[in-house]
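Single-structure report; data block below.
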2 protein chains.
Amino acid sequence: MKWEEIGGQTCSIARALSEVGDRWTLLVLREAFLRTSRFGDFVERTGAARNLVADRLHKLVAADVLERRVYQEKPERFEYRLTQKGRDLYPLMMALVHWGDRWHDDGRGKPIEHVHRTCGHVMHAEPTCSECGERLDPRQVDVRPGPALLAEEG
Amino acid sequence: MKWEEIGGQTCSIARALSEVGDRWTLLVLREAFLRTSRFGDFVERTGAARNLVADRLHKLVAADVLERRVYQEKPERFEYRLTQKGRDLYPLMMALVHWGDRWHDDGRGKPIEHVHRTCGHVMHAEPTCSECGERLDPRQVDVRPGPALLAEEG
DNA sequence: TGCCGTGAGTTGCGAAAGGAAACCATCTGT
DNA sequence: ACAGATGGTTTCCTTTCGCAACTCACGGCA
């Protein structure tokens, strides 16, 4: 099976991965969240080849995760900004950071820290139940087919 | 820059991606969270080629995200199970699902639903501050260099 | 007027990774 | 003896990477 077909599955993870499940794509998004906006900066800070950065930026724009805007005419210069769809990847990024912090600590502590301005503490993202607010324990969560899967089977 | 070098960056996202940032790897992990444990099932349910599944499973075992156990002798049969490190990817998976649900709905609703047994509702993961419990708003979070980055620069 | 520098890409080519199918090995059931 | 299940490995071909070089449009400047 090829990657173009993956997005066609009735599975939100597969669909999400078909748009942002690529290694360079995720590094580009890391930079976007750190306010990088210009082509050259993406190349420099991700370490990816220029053609790959160009390709990933264009795909992200096509997917409406980033938008490309002119920030200067003559000569035309562009910037790439997160859209709402892109900003919604924040929980994903925070989850990646936290997992990396926890399992890839080389003994020197965290590479970066997140400070919650509201409470003033160094924090990480803690997933909770959207309905009752309790901290999520995977063992307390049942998975069952949703409308889309049921429609498909029946 | 090659992918092997990425993990060496002083960046938790880069380090995380070096282990689980691959497309097939993430689909394999999706299955692991859905209790898939056998080689043939991974092949069938991810749709990946057998050689790729074999490669990804071995890498995940080497990274201590999965463990390979004999569940039957004569003939020897193996199962792949999430380790604690693997189970800790739960927030990442929930973030992927939720993003996919929100932005890739084809009008037929969610492919799968998560039910919180504790409160009985269909839910999704909501990231909150680990310190004060408030719902996370990216604009309320400051990013600053952590110990590892400071040690590197100074 | 020519020349340099900057930003944003595009092109070309050898090397690495991916994808499909065939093949192998071990054991069980009939 | 032979088919079927399980868990891979090998082979071969195509696609994608990774790197360097090149283009293009302009602005400054001497």
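The sequence lines fix the lettering, A, B, ..., with proteins before strands; numbering per chain opens at 1. Every heavy atom of this structure was used, including side-chain atoms; hydrogens, water molecules and symmetry mates were not. Owing to the predicted nature of the structure, the values given are computational and were not obtained by experimental measurement.
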Whole-Å distance separating the CH2 atom of B:Trp3 from the C1' atom of D:dC17: 12 Å

According to salt bridge (Lys or Arg N to Asp or Glu O under 4.0 Å), who are the partners of B:Arg35, at least two apart in sequence or on a separate chain? none

Categorize A:Arg23 for me: base, sugar-phosphate, or nothing, with a 4.0 angstrom heavy-atom threshold over every strand shown. nothing

Charged N-O contact under 4.0 Å between A:Arg81 and A:Glu67: no

Summary of protein contacts for nucleotides 23-30 of chain D, nucleotide by nucleotide, where a base hit scores B, a sugar-phosphate-only hit scores S (4.0 Å, heavy atoms): --BSS---

B:Ser130: what forms a side chain to side chain donor-acceptor pair (under 3.5 Å) with it, not counting sequence neighbours? none

Which whole-number value in Å describes the distance from B:Phe78 CZ to C:dC27 C1'? 13 Å

Sub-3.5 Å pairs of nitrogen or oxygen atoms, protein against nucleotides 13-15 of chain D:
none

Do A:Tyr80 and A:Arg69 have side-chain atoms, one donor and one acceptor, less than 3.5 Å apart? no

Under-4.0 Å side-chain N/O to phosphate OP1/OP2 contact, A:Tyr80 with C:dG7: no

Under the ring-ring contact (aromatic ring centres under 6.0 Å, His included) definition, can you give me all pairs with a residue in residues 113-145 of chain B, not counting sequence neighbours? B:His98-B:His124

Taking the side chain of B:Tyr71 as heavy atoms from C-beta outward, which of D:dT6, D:dG8, C:dG19 is closest to it? D:dT6

Will you find, in the side chains of A:Thr36 and A:Asp41, an N or O donor that is under 3.5 Å from an N or O acceptor? no

Near DNA chain D, which residues from residues 44-60 of chain A have a heavy atom under 4.0 Å away? A:Ala49, A:Arg50, A:Asn51, A:Leu52, A:Arg56

Hey, is B:Arg15 close enough to A:Asp101 for a salt bridge, meaning N to O under 4.0 Å? no

Side chains of B:Thr46 and B:Glu31: is there a donor and an acceptor less than 3.5 Å apart? no

Between D:dG18 and A:Trp24, is there an OP1 or OP2 to side-chain N/O distance shorter than 4.0 Å? yes

Atom-pair distance (CG on A:Leu27; P on D:dC17), nearest Å: 13 Å

Whole angstrom is fine here: how far is it from CD in A:Gln72 over to C1' in C:dT6? 10 Å

Just the rounded figure in Å: distance from C1' of D:dA5 to CZ of B:Phe39. 13 Å

Answer yes when B:Asp64 and B:Lys85 have at least one side-chain N-carboxylate O distance shorter than 4.0 Å, and no when they do not. no

Just the rounded figure in Å: distance from P of C:dG18 to CG of A:Asp22. 11 Å

Salt bridge check, B:Glu152 against A:Arg108: does any charged N sit closer than 4.0 Å to a carboxylate O? yes

If you measure from the Lys or Arg side-chain nitrogens to the Asp or Glu carboxylate oxygens, is any gap between A:Asp22 and B:Arg23 under 4.0 Å? yes

